[in-house]
Every structure is written in structure tokens, then in C-alpha cells.
Amino acid sequence: MDNMMINFYSVSKKYGLTTAVKDVSFQIPSGGIIGLVGSNGSGKSTLLKLTAGLLTKSAGEIVVCGETVTRLIAKKVAFLAEVDSLYDFYTVRETLSFSKRVFPDFDEQKAVEIVEVLEVDLHKKIGALSKGNRARVKIAIALSRKVPLLIMDEPLSGLDPLVREDIIKMIAKYVEMENQTLIISTHEVSEVEPLLDHVLLVQNGEIILSEKVEDLREKKGQSVLDAMKEVLR
Amino acid sequence: MSVAFDNSKPIYLQLMDYFFQQICSGSLKLGEKLPSVRETAVNVGVNPNTVQRTYQEMERKGVVVAKRGQGSFVTEDEQVIKQLRSEISEEYVNKFVIYMQNNGFSKLEILEQVKEALQSSKGER
Amino acid sequence: MSWLALYIKELRLGKTKFLLNMIFLLMVAVLFYVLIERYNPFFIALTIPLIILHFFYMFFAMLDALRQEWKHNTAVFWMNIPKSGWQLLTAKYVAVMTQLFVSLSLTFIIIYILLKRSAVHFTDPIIPNFLIEQYQAYGWILFVGVFIASLQTGVVSTFIYMVAKSVRKWGWLLGTGIMVASSWIWFKFQETAIYRGLTEWGVVLEEETLMNSFFVHFDSIAGEPTMDMDVTNDAILYVGTAVVDLLLVVGVLYVCAWLLDKKVEA
């Protein structure tokens, strides 16, 4: 279990009376890029937020990087939310220096480099940026944190194709493959498929398929989408 | 550089095909340096681990040589490339011939078809 | 230093509303000034609600500072900052406290100026002069009192908000309930000997001194006291009370920080 990045032991999560996750147990190994796929409302976001300590479990135990999860797992886990989560009164430049000061693991040079490559104006306020540029800055910040686990909740959703392509390239370029694990959740798998090492399929808050992506292709001649269809049938 | 991948086939093999085409056609010359693993990954939007595997596979076949601290290079051994070209041609031509024969084409007809096809596709890739 | 970065961020977060607050105060000051100059110096009494408003300053300002994080979805970013809840919350709290200090100071300065102006318009200057003197002598006690009381209302709203974000359903109610219950317990505790033992040190002001200052003035008018106030129960203001009150604030904040680290959901 020690080389496992994420361990869920009979975890449940209720929102009031509705149960989002019911008594699930699974492990996710460390290393590589992992896709968490499933339809809308399948519980992907809940699982990721539980992992990052941004939601509290109703029962069970969650261990990430060998530590029981609370909000303070933030020192090992960078969480990228689907929503615009940056302070809009800061300029891009200010957002990066703020990040430098509050994240001890932050590589500001890298962040500036990414933002400049993507041609985002450093002196504009976050609130004045286009939706696509806000997403670019957000991802630049997540990718510049030297943490063992990077979680991206629907990083592509609601963005136009150009931005999506940029983001996929940024991930390929800037993830520290040797010492980082990246989990990406998405409901449109085909776009990120070439990026993935491993795929996890979620349904009703449970992981019902966990496979190496190249294994699927080599042994079964299946794409992730094919495998999803087969399992969900 | 852009490659359209078929998600149901191993991506490392598709990427290798892509590089072999570049090498056989001469776009990548003998002894030329390949882009780094990371560069290739970014250019085609693929997981760096997958690119790594492609490079290793090409090394195993002797088509690519890794030089310590310098990167990966196309081999300078012409023989290897010749071999690769004939392997590729053999594989595809054999497949094609068997397929045509299974469909009842005679040797002459097959030759005719090939000639025609070559003429109409002049220079196009 | 990351706490400082957080503190500055909180100041920026509250900047716009704080500017509105300042503008409001200045406009009210001008209005009162006009009322006093044009109509009646007794309009000075209208400044009292300004002070009373500051009792609830921290309550609403903390509520707003926290609500902003959730309303603008920045809570996911804020809570992903790998600093203790204590640091995150105190940065917010101290930033709001800074605003309270500026706002309350400005209010006191305004009142002082208006008092001075109104004194000119009284036919008999004895009463206003007496007020100004009292204000100069004891105004700081009023300032500190309002300030500390406001700090207490601030932790109340912080606690309620933290519980509301920890318990999805009825969290508001639960948080409010706990606050009401523990306030009641605290009031009961204030009647005990233990509380007296903890707080009754460092005399700031004795009721008798205050009353004597009354007598002196009124004596000077008619030769004998016109007002006869009883020194009821030897009321004394202690430094100890302020210290215990502040410790209470720190204690509640600590509980809030714990909630933020362990229970609160983004």
C-alpha cells in the first residue's frame, strides 16, 4: 500500500440525505497521468474534492501520500477547480507573486514562463481576462506547484478548441513526469486520451474500471471510449 | 507536426509509424537529431511516457541511436534504413496482394490497377 | 512571509466596501455639520448611532469577507493554500480589524470636531464644555470598549459561518444555536467568583471618580449638587475584563480555525 498515492477505505459521502458516494474502496498508484472519466453527475468531482480535503467524508478513511486527509493535505496536493477560482482584483503578475508567497512549493519562474509562452498579458487584472486566459493562468499556477499530486477537475470543460489544445500541450510539457502524479477528470475522454497512462471509470461514485490505457489498446484493441461503452452496457 | 491518432490502437506504435515514414521518405536524414521526448510529446499532445516508449522501440530496432547526454539520432547506418524500407514495403505489399487475390484479381489485373493508381496519385502523399 | 501576503490579500478583498464605508462616514459628518450649524446644536446626539453601528462592524465585515470567498468560487483556491486555518482566518480577521480601527478612529475624530463646533452654538457653554472634557478624559475607554465588543461580534459571525460551511443542512441554525447557548453560559459565568477572580485586576476607572467629576462641575454652577446620582454597586472598570474578553476572542477564533482545517467544505 505504501506506493499507492490515493487510498479510499469504505468511504461514503452524503449531501444531506442524498448519498453521492456509497461505501467505496479503491487505490490509485503513484506516477503518470490518470484520467478519471464518467458522465456528468457520476461523482468524479466529489471523489476529487474528497481526495484534496475540500469535502469531508461522511464515513470511512482516505489516505493520500501516506497521510489521513484534511484540508492541510494541500501541502501535497494542488487542486485545480472547474470554476474560475482566482482573485479577480489581482493582476496576473500579482496572482503569481501571491502564489509564490503562499505556496512554499511554487516555482514562480516556471509560472511566468508558461504565462508568457501562452501570451497572456501579465499586467491585466484577472477579472479583465477572457475566460480562456483565466483558464490558462489557473493551469499555469497548478503546474508550477512542485507537489506529488496534481488534481485537475474538468480542466477543458466549457473552453473553446484553441484553449483546450493549449492546455493539453501545457500538461504534456510541464507536468513533472518523474515525481508527479496527475489526475484529470473529464466527461469527454477522447480529447485527453493520448495524454493518459491510466484510466479510471466512475459510475455512481464508484470506480468500475481501472486499466492502463496502452493495455486496452494492445490487448483488446479498444479505445477508452470503447472500454467505457462495454463496461457501461 | 500533427498526427491524427486512432485511439483504439497503441499510440506508441502509431507514433513509430509516423517517425519511420519521416525517415524512409528522407524528411529525417541519416544521423539527424530527433526532437526530445518532451518536445515530441508537446508537439503531438501525447503522454511523454508514450513517446519514451516509441523512442525505446525504435532504438531496439536499431533505427534510432541514443547518444548519452545528447539525445536520440537517426542511425547513420544506411543498411538499417534500407532494411526498414524493405520491411515496410514487404509488409504492405504482401497485405495488398493477398487482399486483391482474395478478391479474385489476377496478377495482370493487380499490376494494371497499381499502375493506374500510381498515375492518378502523382506525387501526392 | 506568507501571513503578510494573506493579510494584504484580505485588505484588497475588502477595499471597495471599505472605501464606501469611509465615504459614507464623511458624508454623514458633513450632513451633521450642516444640521448643527444651521439648525440646532442638539443634533450632535445623532452621532451616537454611529458609535453603536461599530459594535456590529466586525460581525458584518467578517461575514462578508468569508462570504466573498464562496460567492466568487475562490474558496477552492483559498482552502487549497497549505497554511494553517489559524493563519488563513487571522489574516482575514486582522484585516477586518484594521478597517474597524480606521473607521472607528475616524468616527471619534468626527464626533470630537462636531462637539467642538456645537459648543459654539449653545447659549450656555457649560454643558458642551463638560461633554468635551469628559470626551477627552474618557473617550479612549469608550473607544476600547466598542472596539473589543466589536471584536467579539466578529468571532460570533465567523463561528456561525464556519459551522454553516461544515454542516450543509441547518448549519446556520446550528451555529447560531451554539453561539446563543454559549453566550448564555458565558453570562452565567460572569456572575461567578471565578470570573471575578480572573478579571478584577488593574483598575482603569472607578465609578466614584466618574461621579465626582460630575459633582465638581454641577457644584460650580449653583453651589450645591443639582443632580444626585447614587454610586450603585461600586462599578469599576478593570484591565482584567478586557484581557479576558480578548482571550475569549482568541479562543473562539482558534475553534473556528480548527473547523476550517477539519470540517469546512469548499
Side-chain angles (χ1 to χ4, degrees), chain A residues 13-18 20 45-46 48-58 68-91 94-95 97-106 125-127 134 137-138 141-142 145 147 149-151 153, chain C residues 1-19 65 68-92 95 162-174 256-266:
Chain A
K13 174 64 192 170
K14 286 178 189 164
Y15 296 120
L17 293 175
T18 44
S45 195
T46 302
L48 292 182
K49 283 185 176 162
L50 283 168
T51 307
L54 295 171
L55 286 178
T56 50
K57 61 198 186 309
S58 307
T68 301
V69 169
T70 65
R71 185 187 69 78
L72 290 168
I73 200 69
K75 48 183 185 292
K76 292 185 173 171
V77 179
F79 184 86
L80 178 95
E82 185 181 353
V83 289
D84 283 331
S85 54
L86 300 175
Y87 295 104
D88 53 13
F89 50 80
Y90 273 147
T91 63
E94 287 169 333
T95 305
S97 35
F98 176 69
S99 301
K100 170 72 196 155
R101 296 180 73 184
V102 297
F103 299 121
D105 45 49
F106 195 72
K125 283 198 175 183
I126 296 289
R134 279 202 295 271
V137 175
K138 207 170 63 172
I141 289 172
R145 286 191 61 191
V147 281
L149 179 60
L150 213 58
I151 294 178
D153 193 5
Chain C
M1 200 179 123
S2 51
W3 187 88
L4 203 63
L6 289 167
Y7 171 73
I8 291 166
K9 180 223 108 188
E10 299 301 343
L11 285 180
R12 288 283 294 268
L13 186 73
K15 197 178 80 181
T16 317
K17 282 188 181 129
F18 182 64
L19 282 177
Q68 296 255 344
E69 301 280 1
W70 270 267
K71 189 179 152 206
H72 295 129
N73 294 320
T74 49
V76 267
F77 186 81
W78 186 57
M79 285 183 63
N80 193 231
I81 293 174
K83 298 290 164 192
S84 66
W86 176 252
Q87 287 196 50
L88 293 184
L89 272 187
T90 50
K92 246 187 212 308
M162 289 293 103
V163 176
K165 286 296 165 193
S166 305
V167 183
R168 270 166 194 265
K169 245 187 178 178
W170 309 112
W172 289 102
L173 222 58
L174 182 64
C256 293
W258 182 87
L259 280 171
L260 182 60
D261 283 342
K262 308 279 180 178
K263 298 288 174 203
V264 170
E265 299 195 323

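Sequence lines set the chain letters: A, B, ... in the order given, protein chains first and strands last, and positions in each chain run from 1.
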Legend entry - Salt-bridge present (A:Lys49, C:Glu265; N to O < 4.0 Å): no
Inset, instruction - Test side chain to side chain contact (heavy atoms under 4.5 Å, CB included) on C:Leu4 and A:Arg101 and set out the steps. - result: CA-CA 9 Å; C:Leu4 203 63; A:Arg101 296 180 73 184; 4.1 Å; yes
Legend entry - Winner by heavy-atom pair count (cut-off under 4.5 Å) against chain A, out of C:Lys262, C:Arg12, C:Lys83: C:Arg12
Inset, instruction - Answer yes or no: does atom CH2 of C:Trp170 have more than 12 heavy-atom neighbours from other residues, nucleotides or ligands under 6.0 Å? - result: no
Legend entry - Exercise: do C:Asp261 and A:Thr70 side chains pair donor with acceptor under 3.5 Å: no
Inset, instruction - Could you tell me whether A:Phe103 and C:Phe77 have their ring centroids closer than 6.0 angstrom? - result: yes
Legend entry - Among C:Ser84, C:Ala266, C:Ala5, residue most engaged with chain A (heavy-atom pairs, under 4.5 Å): C:Ala5
Legend entry - Structural part of A:Val69 lying under 4.5 Å from a heavy atom of chain C: neither
Legend entry - Part of C:Trp78 within contact of chain A (heavy atom distance under 4.5 Å): both
Inset, instruction - Below 4.5 Å from any heavy atom of chain C, which atoms of A:Tyr87 appear? Answer side chain, backbone, both or neither. - result: both
Inset, instruction - Decide yes or no for C:Leu6 and C:Ile81: does some side-chain heavy atom of the first lie under 4.5 Å from some side-chain heavy atom of the second? - result: yes
Inset, instruction - Side chain from CB out, backbone as N, CA, C, O: work out which of these in A:Ser97 comes under 4.5 Å of a heavy atom of chain C, or both, or neither. - result: neither
Inset, instruction - List the atom of A:Lys57, the atom of A:Lys13, and the distance in Å for their closest heavy-atom pair. - result: CA-CD, 4.4 Å
Legend entry - Pick from A:Ala78, A:Ala81, A:Gly53, A:Ser85 with the largest number of heavy-atom pairs that fall under 4.5 Å of chain C: A:Ser85
Legend entry - Region of C:Gln87 that comes under 4.5 Å of a non-hydrogen atom in chain A: neither
Legend entry - C:Lys263 versus chain A, the contacting section by heavy-atom distance below 4.5 Å: backbone
Legend entry - Proximal component of C:Val264, with respect to chain A [non-hydrogen, under 4.5 Å]: backbone
